[in-house]
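Comments concern the structure below.
When a ligand or atom number is given, it counts from 1 through the structure's own listing order. What you see below is based on every heavy atom in this structure, not just the backbone, and it leaves out hydrogens, waters and symmetry mates.
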Amino acid sequence: MKEQSPAAAHMTLATVRGWVRDAGRIALLSGAGMSAESGVPTFRDAQTGLWARFRPEELATEDAFRANPATVWDWYAMRRDMVAKVAPNAGHAAVAAFQQRHPNRLTVITQNVDGLHQRAGSPGVLALHGSLLEDKWLDAPRPCCLSQPPLEGRPPRCAVCGNLRRPAVVWFGEMLPVDVLAAAEAAARACDLMLVVGTSGVVYPAAGLARSAAATARMVVVNPDASDLDDAAHAVLRGTAAALLPQLLQEDT
Ligand code: APR
C-alpha cells in the first residue's frame, strides 16, 4: 500500500462537499468495502466453516467449475443466501437518494456482485464483475437449452445436452462484459469528480478507471485504510462508506 500524498491528506470533508456541489457529472466506483457495513464479508472473510479449506481463486474460475461444478455452485449459493439476508446500508442509500434528486448526474460503477446498490434504488448500475443473483449457460446455449426450463440440480442443467447453468459473475481470467466496461470508461472520461469507495484498488481494469479519471477530473478516495489508489487521489477521506457518503452527498442547506 502506498502513502497518500501530503496535499491529498489535507483536503477536508467540507472541501470535497464543495467539489460534489460543483461537479456536473460524478462517477462513483465502489468495491467490497461499500457493503462491509451491510454485513457482507469480503471475498476472503467469506471463507469460514466448510469453506475455510478453499482459496477463492480455486473456486472462482471456469476450470474449478468444470472440475467440481457442485462444489463451486454450492459456494455461490451460500454467498447468494448471505446477501439475501442483508440490506443496503446508509452509504448505498445516500448514493441512490442523490441520484433520485439529481437524475443523470451520478453513475455508479461497482466491482460488487451483491446487488446492494440496485436494491437501494440506484438506477443504471454498471456492475463490472456481474451479478451473484443471476445465472447463465456455461457453454453457448443450443436450441435444446432454450426450449425448456433447466432441470433443477446443483447446478441446474439442460435435460437434453447437459449444458450447465453457472453464476453470472466474472471469474478470474475472464473478460469483463464489453458493453459494461465501455459504459464505465465513458462515465470515467465524462466525469468532473470520481468518488472511489471501499476498494483496495489492486484489481484491474476497475482500478484503472480511477487512475484515468484522476488525469482529467478530481478523484477522491473514501476508505478507512490505505489503498493502492491513494497516491493518485486529489483527496483521501479516511472513514467508512456508511459514515462519509451521507455527509458528502446530503442535500445542501
Ligand atoms: N467503508 C469503506 N471502505 C471499507 C470499509 C468501509 N466500511 N471496510 C473496508 N473497506 C475497504 C478496505 O480498507 C479495502 O481497501 O474496502 C476495501 C476492500 O478491498 P477488497 O477486499 O480488495 O475489495 P475490492 O477492492 O472490491 O476487490 C476487487 O477483487 O476479489 C476480487 O472480484 C473481486 O470485485 C472484487 C475485486
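Remark: ligand 1 atoms within the under-4.0 Å shell around heavy atoms of E37 are 1 (N), 6 (C), 7 (N). Close approach of ligand 1 to G31 (heavy-atom distance below 4.0 Å) involves ligand atoms 26 (O). Atom numbering of ligand 1 starts at 1 in the shown order; those under 4.0 Å from a heavy atom of D225 are 13 (O).
Judged by distance alone, the side chain of S38 and the main-chain N or O of A87 form a donor-acceptor pair under 3.5 Å. In this structure a side-chain-to-backbone donor-acceptor pair under 3.5 Å is present from R238 to N223.
Atom CE of residue M34 and atom CG of residue L116 lie 9.0 Å apart, to the nearest 0.5 angstrom.
With a heavy-atom cut-off of 4.0 Å, S227 does not touch ligand 1 at all. Of the heavy atoms in H129, only side-chain atoms (C-beta onward) come closer than 4.0 Å to ligand 1.
Here the shortest heavy-atom distance to atom 16 (O) of ligand 1, taken over G130, S38, G198, P224, belongs to G198. Nearest-heavy-atom check against atom 36 (C) of ligand 1 across L244, V203, T199, V197 picks out V203. Here the shortest heavy-atom distance to atom 12 (C) of ligand 1, taken over N223, N89, L29, belongs to N223.
Within a 6.0 Å radius of CG in D81, more than 12 heavy atoms belonging to other residues, nucleotides or ligands are found. Shown here is E152, whose CD atom has no more than 12 heavy atoms of other residues, nucleotides or ligands within 6.0 Å. Around the CZ atom of R154, the shell of radius 6.0 Å holds no more than 12 heavy atoms that belong to other residues, nucleotides or ligands.
We find that E174 and K136 are not joined by a salt bridge, their nearest charged nitrogen and carboxylate oxygen being 4.0 Å or further apart.
For N112, no nitrogen or oxygen atom sits less than 3.5 Å from a nitrogen or oxygen atom of ligand 1, counting backbone and side chain alike.
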